[in-house]
Amino acid sequence: MTCCHCHGVARMFDEKMARRQLRHYRRKGPGKGTRELIDAVARDGVEGRTFIDIGGGVGAIQHELMGRGAAGGTGADASPSYLAAARAEADARGYADRIRYVEGDFVERAGEVGAADLVTLDRVVCCYPDMPALVGAASRLTRRTLGLVIPRGTWFLRGGVAIVNLFQRLRRHPFRVYVHDPGEVEAVAGEYGLQRRYLREGVVWRVAVYGRVGDDGQTLT
């Protein structure tokens with residue numbers, strides 16, 4: 001299943017799409033939801049902190065955090081084309097040597113990645129079949145702040161995703177989309193000592209940020 005998943009991601013998010021999204025990012029910057037996630041994750045400061053950007057695409061979050069003074073971090077993606085685009089942009093901006101690029105299934109490779117202050121999954125959980133494994137791996141590596149953008153668990157989104165996946169099966173494409181229950185996502189984060197500190201729900205997307213709870217019961221800043 002994992003190999004099929006990675007193959008589907010690589011086919012869906014290919015070089016052509018990577019080029020198009022990188023051009024869009026260079027012209028307009030991060031999209032609204034991504035920008036909101038970045039601002040919420042960075043609320044307590046970015047200067048000198050490290051990050052892990054899981055399913056980072058062309059690296060929008062990475063580039064924005066580095067621009068705000070992050071020390072460096074890890075960009076992970078199952079799409080080789082997206083990783084190449086993220087690395088090329090980081091190289092052009094002069095900080096590629098401060099970012100490690102990890103290709104493949106993050107759950108399988110998480111043991112090779114050290115913990116970081118800030119961990120982000122922007123519209124990534126909906127591309128992964130085993131939500132508890134992915135969110136658990138991300139939560140375990142979070143020192144301070146975990147940020148996610150996931151679909152809301154509404155009936156009409158589930159219905160729409162079912163139609164999309166039916167179309168994918170008919171054309172024999174291995175990529176699938178998932179609408180995981182937001183309450184279950186939050187429960188997994190909670191198992192790793194993370195407490196929600198920010199939430200905004202739009203029509204489709206849910207932006208949620210969790211903070212590491214210290215011994216005094218307060219989230220770390």
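Basis for what follows: all heavy atoms, side chains included, without hydrogens, waters or symmetry-related copies.
- Tyr198 has its side chain within reach of Val207: a pair of non-hydrogen atoms, C-beta onward, lies under 4.5 Å apart.
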Run the salt bridge (charged side-chain N to carboxylate O under 4.0 Å, His left out) test on Asp181 and Arg152 for me, step by step, so that the C-alpha distance in whole Å, both residues' side-chain angles and the decisive distance to 0.1 Å come before the verdict. CA-CA 8 Å; Asp181 183 87; Arg152 296 183 63 199; over 6 Å; no

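- Counting heavy atoms from C-beta outward, Met12 and Gln168 have side chains that approach closer than 4.5 Å.
- Residues Leu83 and Phe51 share a single hydrophobic cluster, defined by chaining ILVMFWY side chains whose heavy atoms lie under 4.5 Å apart.
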For the pair His180 and Tyr128, evaluate side chain to side chain donor-acceptor pair (under 3.5 Å) and give the outcome as yes or no after the intermediate values. CA-CA 9 Å; His180 300 293; Tyr128 199 82; over 6 Å; no

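- Val209 and Val119 are not part of a single hydrophobic cluster, where members link through side-chain heavy atoms under 4.5 Å apart.
- Nearest approach of Pro129 to Cys127, heavy atoms of both residues: CD-O, 4.2 Å.
- By the 4.5 Å heavy-atom criterion applied to side chains, Glu47 and Arg68 are not counted as neighbours.
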Would Val41 and Thr120 count as a side-chain contact (heavy atoms from CB on, under 4.5 Å) here? Give the steps. CA-CA 8 Å; Val41 165; Thr120 53; 4.1 Å; yes

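- Note: the hydrophobic cluster containing Val164 also contains Val179 (ILVMFWY, side chain heavy atoms under 4.5 Å, direct or indirect links).
- Side chain of Asn165 to main chain of Val177: a donor-acceptor pair is present (N/O by atom type, distance under 3.5 Å, no hydrogens or angles).
- Looking at Thr34 and Arg123, their side chains do bring a donor and an acceptor atom within 3.5 Å of each other.
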Got a list of side-chain donor-acceptor pairs under 3.5 Å for residues 24-31, not counting sequence neighbours?
from, atom 1, to, atom 2, distance (Å)
Tyr25, OH, Glu64, OE2, 2.5
Arg26, NE, Glu89, OE1, 2.8
Arg26, NH2, Glu89, OE1, 2.7

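- In the hydrophobic cluster analysis, where Ile, Leu, Val, Met, Phe, Trp and Tyr join through side-chain heavy atoms closer than 4.5 angstrom, Val149 is grouped together with Ile38.
- Of the inter-residue distances, the one linking Ile52 atom CD1 with Leu118 atom CG reads 9.5 Å to the nearest 0.5 angstrom.
- Hydrophobic clustering (side-chain heavy atoms under 4.5 Å, transitive across Ile, Leu, Val, Met, Phe, Trp, Tyr) keeps Leu166 apart from Leu157.
- Ile150 has its side chain out of reach of Val124: every pair of non-hydrogen atoms, C-beta onward, lies at least 4.5 Å apart.
- Salt-bridge formation is detected for the pair Arg100/Glu112: a Lys NZ or Arg NE/NH1/NH2 atom is positioned less than 4.0 Å from an Asp or Glu carboxylate oxygen.
- At least one side-chain heavy atom of Leu146 sits under 4.5 Å from a side-chain heavy atom of Ser139.
- Closest non-hydrogen pair, Ala85 versus Ala18, comes out as CB-CB, 4.2 Å.
- Contact detail for Gly8 and Pro174: the closest heavy-atom pair is CA-CG, 3.5 Å.
- Nearest approach of Ala90 to Ile99, heavy atoms of both residues: CB-CD1, 4.3 Å.
- The minimum heavy-atom distance linking Leu148 with Tyr210 is given by the pair CD1-CE1, 3.4 Å.
- Note that CG of Asp53 is 8.5 Å distant from CG of Asp77, once rounded to the nearest 0.5 Å.
- Taking 4.5 Å as the limit, every side-chain heavy atom of Asp117 sits out of range of all side-chain heavy atoms of Thr145.
- Residues passing the side chain to side chain donor-acceptor pair (under 3.5 Å) test with Arg206 are Glu201, sequence neighbours excluded.
- Of the possible polar contacts, one joining the Arg212 side chain to the Thr142 backbone as a donor-acceptor pair under 3.5 Å is found.
- Within the 4.5 Å cutoff, the side chain of Tyr82 has heavy atoms near those of the Met17 side chain.
- What you find for Ser81 and Glu15 is that their closest heavy atoms are OG-N, 3.1 Å.
- At a threshold of 4.0 Å, the pair Arg197-Asp44 counts as salt-bridged, since one of the basic side-chain nitrogens sits closer than that to a carboxylate oxygen.
- At least one side-chain heavy atom of Val102 sits under 4.5 Å from a side-chain heavy atom of Val113.
- Taking a cutoff of 4.0 Å between a charged side-chain nitrogen and a carboxylate oxygen, Glu186 and Arg196 qualify as a salt bridge.
- Separating the OH atom in Tyr192 from the CZ atom in Arg140 is a distance of 5.0 Å, to the nearest 0.5 Å.
- In this structure, the side chain of Arg144 does not engage the main chain of Gly211 through any donor-acceptor pair within 3.5 Å.
- A ring-centre distance under 6.0 Å is found for Phe175 and Phe13.
- Between Arg35 and Asp122 there is no salt bridge, since none of the side-chain N atoms of the basic residue sits less than 4.0 Å from a carboxylate O of the acidic one.
- Judged purely by atom type and a 3.5 angstrom limit, Arg109 uses its side chain to pair as donor or acceptor with the backbone of Glu103.
- Distance CG/Leu141 to OG1/Thr74: 9.0 Å, rounded to 0.5 Å.
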